[in-house]
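Shown next, in C-alpha coordinates, is the structure this report addresses.
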Amino acid sequence: MFYYDANLGYILILFLVFVVLIKSVRVLREYQRAVVFTLGRFTAVRGPGLILVIPFLQQIVRVDLRVVTMDVPAQDVISRDNISVKVNAVLYFKVVAPEKAIIQVENYLNATSQLAQTTLRAVLGKHELDDMLSEREKLNLDIQRILDEQTDSWGIKVTNVEIKHIDLNDTMVRAIARQAEAERERRAKVIHADGERQAAEALREAAHVLSTQPSAMQLRYLQTLTQIAGDKSNTIVFPLPVDLLKGLMGMQEPSSRADARHPQDLDPPINPS
(Lines give C-alpha, C1' and ligand atoms only; values in the text may rest on other atoms or scores of the structure.)
Protein backbone atom coordinates (compact mmCIF):
# COMPACT_ATOMS: atom_id res chain seq x y z
CA MET A 1 0.00 0.00 0.00
CA PHE A 2 2.80 2.38 0.88
CA TYR A 3 4.59 1.49 -2.36
CA TYR A 4 1.44 2.23 -4.34
CA ASP A 5 1.01 5.63 -2.66
CA ALA A 6 4.66 6.52 -3.38
CA ASN A 7 4.27 5.70 -7.05
CA LEU A 8 1.12 7.77 -7.23
CA GLY A 9 2.94 10.70 -5.62
CA TYR A 10 5.73 10.48 -8.16
CA ILE A 11 3.22 10.41 -10.97
CA LEU A 12 1.48 13.49 -9.62
CA ILE A 13 4.78 15.32 -9.26
CA LEU A 14 5.80 14.43 -12.80
CA PHE A 15 2.41 15.53 -14.05
CA LEU A 16 2.71 18.87 -12.27
CA VAL A 17 6.21 19.37 -13.68
CA PHE A 18 4.92 18.58 -17.14
CA VAL A 19 2.04 21.06 -16.75
CA VAL A 20 4.44 23.73 -15.51
CA LEU A 21 6.72 23.16 -18.49
CA ILE A 22 3.81 23.36 -20.87
CA LYS A 23 2.63 26.56 -19.26
CA SER A 24 6.08 28.13 -19.20
CA VAL A 25 7.06 27.50 -22.80
CA ARG A 26 6.00 30.05 -25.39
CA VAL A 27 6.91 30.22 -29.07
CA LEU A 28 6.82 33.60 -30.80
CA ARG A 29 6.98 34.15 -34.52
CA GLU A 30 9.51 36.44 -36.17
CA TYR A 31 7.11 39.38 -36.33
CA GLN A 32 5.89 39.00 -32.72
CA ARG A 33 7.20 40.26 -29.41
CA ALA A 34 6.11 39.40 -25.88
CA VAL A 35 5.73 42.08 -23.23
CA VAL A 36 6.39 40.25 -19.93
CA PHE A 37 4.79 41.31 -16.64
CA THR A 38 6.00 39.78 -13.36
CA LEU A 39 3.44 40.13 -10.59
CA GLY A 40 1.88 42.95 -12.56
CA ARG A 41 5.10 44.88 -13.13
CA PHE A 42 6.75 45.25 -16.52
CA THR A 43 9.84 43.06 -16.75
CA ALA A 44 11.10 42.82 -20.32
CA VAL A 45 10.30 42.42 -23.99
CA ARG A 46 11.15 38.97 -25.29
CA GLY A 47 11.10 37.15 -28.57
CA PRO A 48 11.03 35.98 -31.21
CA GLY A 49 11.50 32.23 -30.86
CA LEU A 50 11.26 30.11 -27.72
CA ILE A 51 10.79 31.90 -24.39
CA LEU A 52 10.12 30.68 -20.85
CA VAL A 53 7.52 32.22 -18.57
CA ILE A 54 6.99 31.41 -14.89
CA PRO A 55 3.41 30.21 -14.57
CA PHE A 56 1.06 32.11 -12.28
CA LEU A 57 3.77 34.72 -11.65
CA GLN A 58 4.36 36.11 -15.12
CA GLN A 59 1.98 37.08 -17.89
CA ILE A 60 2.77 38.04 -21.45
CA VAL A 61 1.02 40.20 -24.03
CA ARG A 62 1.79 39.45 -27.67
CA VAL A 63 2.40 42.44 -29.94
CA ASP A 64 2.48 42.30 -33.74
CA LEU A 65 5.28 44.35 -35.30
CA ARG A 66 4.03 44.18 -38.89
CA VAL A 67 2.73 47.23 -40.72
CA VAL A 68 -0.95 47.74 -40.03
CA THR A 69 -3.19 49.02 -42.82
CA MET A 70 -6.08 51.00 -41.37
CA ASP A 71 -8.94 52.49 -43.34
CA VAL A 72 -9.95 55.90 -42.02
CA PRO A 73 -13.73 56.28 -42.42
CA ALA A 74 -15.15 59.11 -44.50
CA GLN A 75 -15.07 62.38 -42.59
CA ASP A 76 -17.24 65.45 -43.13
CA VAL A 77 -14.80 68.29 -43.71
CA ILE A 78 -15.56 71.98 -44.24
CA SER A 79 -12.75 73.59 -46.20
CA ARG A 80 -11.39 77.08 -45.57
CA ASP A 81 -13.55 78.44 -48.41
CA ASN A 82 -16.69 76.95 -46.72
CA ILE A 83 -17.23 73.95 -48.99
CA SER A 84 -18.49 70.73 -47.42
CA VAL A 85 -16.81 67.53 -48.66
CA LYS A 86 -16.41 63.93 -47.53
CA VAL A 87 -12.84 62.65 -47.34
CA ASN A 88 -11.55 59.18 -46.55
CA ALA A 89 -7.97 58.00 -46.27
CA VAL A 90 -5.79 55.00 -45.51
CA LEU A 91 -3.19 54.90 -42.74
CA TYR A 92 -0.05 52.74 -42.55
CA PHE A 93 1.72 52.34 -39.21
CA LYS A 94 3.65 49.82 -37.13
CA VAL A 95 4.65 49.27 -33.51
CA VAL A 96 8.32 50.05 -32.82
CA ALA A 97 8.21 49.99 -29.00
CA PRO A 98 5.94 47.15 -27.81
CA GLU A 99 6.16 48.09 -24.12
CA LYS A 100 4.87 51.62 -24.81
CA ALA A 101 2.08 50.36 -27.06
CA ILE A 102 0.80 48.16 -24.22
CA ILE A 103 1.53 50.33 -21.17
CA GLN A 104 0.92 53.87 -22.41
CA VAL A 105 -2.39 53.33 -24.18
CA GLU A 106 -5.26 50.92 -23.55
CA ASN A 107 -5.94 49.95 -27.16
CA TYR A 108 -3.40 51.40 -29.57
CA LEU A 109 -5.34 50.34 -32.67
CA ASN A 110 -8.51 52.17 -31.65
CA ALA A 111 -6.55 55.15 -30.35
CA THR A 112 -4.62 55.50 -33.60
CA SER A 113 -7.83 55.25 -35.62
CA GLN A 114 -9.58 57.98 -33.64
CA LEU A 115 -6.52 60.22 -33.76
CA ALA A 116 -6.28 59.78 -37.53
CA GLN A 117 -9.91 60.82 -38.00
CA THR A 118 -9.59 64.00 -35.94
CA THR A 119 -6.25 64.91 -37.55
CA LEU A 120 -7.70 64.40 -41.03
CA ARG A 121 -10.54 66.83 -40.31
CA ALA A 122 -8.26 69.37 -38.63
CA VAL A 123 -5.63 69.46 -41.39
CA LEU A 124 -7.98 69.51 -44.38
CA GLY A 125 -10.16 72.17 -42.74
CA LYS A 126 -7.24 74.61 -42.98
CA HIS A 127 -6.99 74.33 -46.77
CA GLU A 128 -9.19 75.33 -49.66
CA LEU A 129 -10.87 72.86 -51.98
CA ASP A 130 -8.42 73.55 -54.80
CA ASP A 131 -5.53 72.63 -52.50
CA MET A 132 -7.25 69.37 -51.51
CA LEU A 133 -7.62 68.41 -55.17
CA SER A 134 -4.23 69.52 -56.46
CA GLU A 135 -1.84 69.19 -53.49
CA ARG A 136 -2.60 65.77 -52.08
CA GLU A 137 1.05 64.87 -51.65
CA LYS A 138 1.65 67.88 -49.42
CA LEU A 139 -1.48 67.18 -47.38
CA ASN A 140 -0.47 63.53 -46.96
CA LEU A 141 2.92 64.56 -45.61
CA ASP A 142 1.35 67.08 -43.21
CA ILE A 143 -1.08 64.50 -41.80
CA GLN A 144 1.69 61.90 -41.50
CA ARG A 145 3.98 64.31 -39.65
CA ILE A 146 1.29 65.30 -37.14
CA LEU A 147 0.23 61.71 -36.49
CA ASP A 148 3.81 60.56 -36.11
CA GLU A 149 4.55 63.24 -33.53
CA GLN A 150 1.46 62.40 -31.47
CA THR A 151 1.84 58.61 -31.59
CA ASP A 152 5.54 58.62 -30.79
CA SER A 153 4.79 58.37 -27.05
CA TRP A 154 2.71 55.26 -27.78
CA GLY A 155 5.61 53.50 -29.48
CA ILE A 156 3.94 53.70 -32.91
CA LYS A 157 5.58 54.85 -36.14
CA VAL A 158 3.28 56.21 -38.86
CA THR A 159 4.91 55.24 -42.15
CA ASN A 160 2.46 56.67 -44.66
CA VAL A 161 -0.91 58.40 -45.07
CA GLU A 162 -2.83 58.50 -48.34
CA ILE A 163 -6.01 60.45 -49.06
CA LYS A 164 -8.07 58.03 -51.14
CA HIS A 165 -11.17 59.92 -52.22
CA ILE A 166 -12.73 63.37 -51.94
CA ASP A 167 -16.49 63.19 -52.43
CA LEU A 168 -18.23 66.34 -53.74
CA ASN A 169 -21.94 66.95 -54.17
CA ASP A 170 -23.44 67.28 -57.65
CA THR A 171 -23.75 71.07 -57.48
CA MET A 172 -20.06 71.49 -56.72
CA VAL A 173 -19.10 69.00 -59.44
CA ARG A 174 -21.02 71.06 -62.01
CA ALA A 175 -19.45 74.28 -60.72
CA ILE A 176 -15.96 72.79 -61.04
CA ALA A 177 -16.80 71.61 -64.56
CA ARG A 178 -17.91 75.12 -65.54
CA GLN A 179 -14.75 76.56 -64.02
CA ALA A 180 -12.58 74.11 -65.95
CA GLU A 181 -14.42 74.93 -69.17
CA ALA A 182 -13.94 78.66 -68.62
CA GLU A 183 -10.26 78.08 -67.91
CA ARG A 184 -9.86 76.14 -71.16
CA GLU A 185 -11.60 78.92 -73.11
CA ARG A 186 -9.32 81.51 -71.51
CA ARG A 187 -6.23 79.52 -72.50
CA ALA A 188 -7.56 79.12 -76.04
CA LYS A 189 -8.08 82.87 -76.37
CA VAL A 190 -4.62 83.59 -74.99
CA ILE A 191 -3.04 81.11 -77.40
CA HIS A 192 -5.02 82.58 -80.32
CA ALA A 193 -4.00 86.14 -79.40
CA ASP A 194 -0.36 85.08 -79.07
CA GLY A 195 -0.56 83.46 -82.48
CA GLU A 196 -1.98 86.64 -83.98
CA ARG A 197 0.83 88.65 -82.41
CA GLN A 198 3.48 86.33 -83.80
CA ALA A 199 1.84 86.37 -87.23
CA ALA A 200 1.73 90.18 -87.18
CA GLU A 201 5.41 90.36 -86.31
CA ALA A 202 6.24 87.93 -89.12
CA LEU A 203 4.17 89.97 -91.60
CA ARG A 204 5.87 93.17 -90.47
CA GLU A 205 9.29 91.64 -91.06
CA ALA A 206 8.17 90.29 -94.45
CA ALA A 207 6.81 93.69 -95.45
CA HIS A 208 10.08 95.32 -94.46
CA VAL A 209 12.03 92.87 -96.64
CA LEU A 210 9.66 93.30 -99.59
CA SER A 211 9.77 97.09 -99.32
CA THR A 212 13.51 97.08 -99.91
CA GLN A 213 13.10 95.16 -103.17
CA PRO A 214 10.17 96.35 -105.35
CA SER A 215 10.76 93.50 -107.78
CA ALA A 216 10.20 91.04 -104.95
CA MET A 217 6.76 92.60 -104.37
CA GLN A 218 5.85 92.12 -108.05
CA LEU A 219 7.04 88.49 -107.94
CA ARG A 220 4.96 87.94 -104.85
CA TYR A 221 1.85 89.25 -106.57
CA LEU A 222 2.52 87.11 -109.61
CA GLN A 223 2.80 84.08 -107.34
CA THR A 224 -0.49 85.02 -105.72
CA LEU A 225 -2.11 85.22 -109.16
CA THR A 226 -0.78 81.76 -109.96
CA GLN A 227 -2.31 80.37 -106.78
CA ILE A 228 -5.67 82.05 -107.42
CA ALA A 229 -5.75 80.78 -111.01
CA GLY A 230 -5.71 77.23 -109.72
CA ASP A 231 -9.07 77.70 -107.96
CA LYS A 232 -12.30 76.64 -109.63
CA SER A 233 -14.07 79.88 -108.75
CA ASN A 234 -15.61 81.89 -111.59
CA THR A 235 -14.93 85.27 -110.01
CA ILE A 236 -11.50 86.38 -108.93
CA VAL A 237 -11.07 89.56 -106.93
CA PHE A 238 -7.48 90.66 -106.99
CA PRO A 239 -6.48 93.83 -105.12
CA LEU A 240 -4.02 95.96 -107.01
CA PRO A 241 -1.62 97.68 -104.63
CA VAL A 242 -1.33 101.46 -104.76
CA ASP A 243 2.44 101.24 -104.62
CA LEU A 244 2.43 99.23 -107.82
CA LEU A 245 0.15 101.80 -109.48
CA LYS A 246 2.44 104.61 -108.40
CA GLY A 247 5.37 102.78 -109.89
CA LEU A 248 3.57 102.33 -113.21
CA MET A 249 2.36 105.91 -113.19
CA GLY A 250 5.85 107.14 -112.40
CA MET A 251 7.20 105.36 -115.48
CA GLN A 252 4.59 106.90 -117.82
CA GLU A 253 4.40 110.37 -116.27
CA PRO A 254 7.41 111.99 -118.05
CA SER A 255 6.20 111.09 -121.58
CA SER A 256 2.67 112.18 -120.74
CA ARG A 257 3.84 115.55 -119.55
CA ALA A 258 5.96 116.02 -122.66
CA ASP A 259 3.02 115.24 -124.92
CA ALA A 260 0.70 117.50 -122.99
CA ARG A 261 2.85 120.64 -123.44
CA HIS A 262 1.11 123.23 -125.64
CA PRO A 263 2.95 124.62 -128.71
CA GLN A 264 2.81 128.18 -127.38
CA ASP A 265 4.58 127.02 -124.30
CA LEU A 266 7.59 126.23 -126.38
CA ASP A 267 10.40 128.81 -126.51
CA PRO A 268 10.09 131.21 -129.47
CA PRO A 269 12.65 130.86 -132.21
CA ILE A 270 15.53 133.17 -132.13
CA ASN A 271 15.58 135.71 -134.97
CA PRO A 272 19.02 135.77 -136.52
CA SER A 273 18.60 139.33 -137.54
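Keep in mind that the numbers below use all heavy atoms, side chains included, and drop hydrogens, waters and symmetry copies. On a predicted model such as this, the values are computed, not experimentally measured, just so you know.
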Does some side-chain heavy atom of [Y] sit less than 4.5 Å from a side-chain heavy atom of [X]?
X: Asp167; Y: Val85; value: no
X: Asn88; Y: Val72; value: no
X: Arg46; Y: Arg26; value: no
X: Tyr31; Y: Val67; value: no
X: Val95; Y: Asp64; value: no

Can you check whether Thr159's main-chain N or O pairs, donor with acceptor, with Gln144's side chain at less than 3.5 Å?
->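 Yes; at least one donor-acceptor contact below 3.5 Å.
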
Quick one: does Glu135's side chain have a donor or acceptor within less than 3.5 Å of a partner on Asp131's backbone?
->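 A pair under 3.5 Å: no.
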
Grab the two heavy atoms, one from [X] and one from [Y], that are nearest each other, plus how far apart they are.
X: Pro73; Y: Gln117; answer: CD-NE2, 3.6 Å
X: Val105; Y: Ala111; answer: CG2-CB, 3.7 Å
X: Ala34; Y: Ile60; answer: CB-CB, 4.2 Å
X: Lys23; Y: Pro55; answer: CB-CG, 3.7 Å
X: Ile143; Y: Ile163; answer: CD1-CD1, 4.4 Å

Under-4.0 Å salt bridge between Glu183 and Arg186 |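 Looking at Glu183 and Arg186, the cut-off is met.
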
Any ion pair linking Asp71 and Lys164 (charged N to carboxylate O, less than 4.0 Å)?
->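 Salt bridge between Lys164 and Asp71, a charged N being under 4.0 Å from a carboxylate O: yes.
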
Value rounded to 0.5 Å, distance of [atom1] in [X] from [atom2] in [Y]:
X: Thr119; Y: Asp148; atom1: OG1; atom2: CG; value: 11.5 Å
X: His192; Y: Glu185; atom1: NE2; atom2: CD; value: 14.0 Å
X: Thr118; Y: Leu147; atom1: OG1; atom2: CG; value: 7.5 Å
X: Lys94; Y: Ile156; atom1: NZ; atom2: CD1; value: 12.5 Å
X: Arg136; Y: Ile166; atom1: CZ; atom2: CD1; value: 4.5 Å
X: Gln104; Y: Asp152; atom1: CD; atom2: CG; value: 11.0 Å

If you count every heavy atom of other residues, nucleotides or ligands that lies below 6.0 Å from [X] atom [atom1], does the total exceed 12?
X: Glu106; atom1: CD; answer: no
X: Arg62; atom1: CZ; answer: yes
X: Arg197; atom1: CZ; answer: yes
X: Leu141; atom1: CG; answer: yes

Decide whether [X] and [Y] are clustered together by the hydrophobic rule: side chain heavy atoms of Ile, Leu, Val, Met, Phe, Trp, Tyr closer than 4.5 Å, transitively.
X: Tyr92; Y: Leu139; result: no
X: Val45; Y: Ile51; result: no
X: Leu52; Y: Phe56; result: no
X: Leu133; Y: Val87; result: yes
X: Met70; Y: Leu124; result: yes

Looking just at side-chain N and O atoms, do Ser79 and Glu128 make a donor-acceptor pair shorter than 3.5 Å?
->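 Not at all, the side chains of Ser79 and Glu128 share no donor-acceptor pair under 3.5 Å.
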
Apply side chain to side chain contact (heavy atoms under 4.5 Å, CB included) to the pair Ile102 and Phe42, showing each step before the final yes or no.
-> CA-CA 10 Å; Ile102 299 301; Phe42 169 71; over 6 Å; no

Please assess Tyr108 against Val68 for the test side chain to side chain contact (heavy atoms under 4.5 Å, CB included), listing each intermediate value before the final yes or no.
-> CA-CA 11 Å; Tyr108 67 89; Val68 179; 5.5 Å; no

What residues form a salt bridge (Lys or Arg N to Asp or Glu O under 4.0 Å) with Asp76, not counting sequence neighbours?
->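 Here the qualifying residues are Lys86.
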
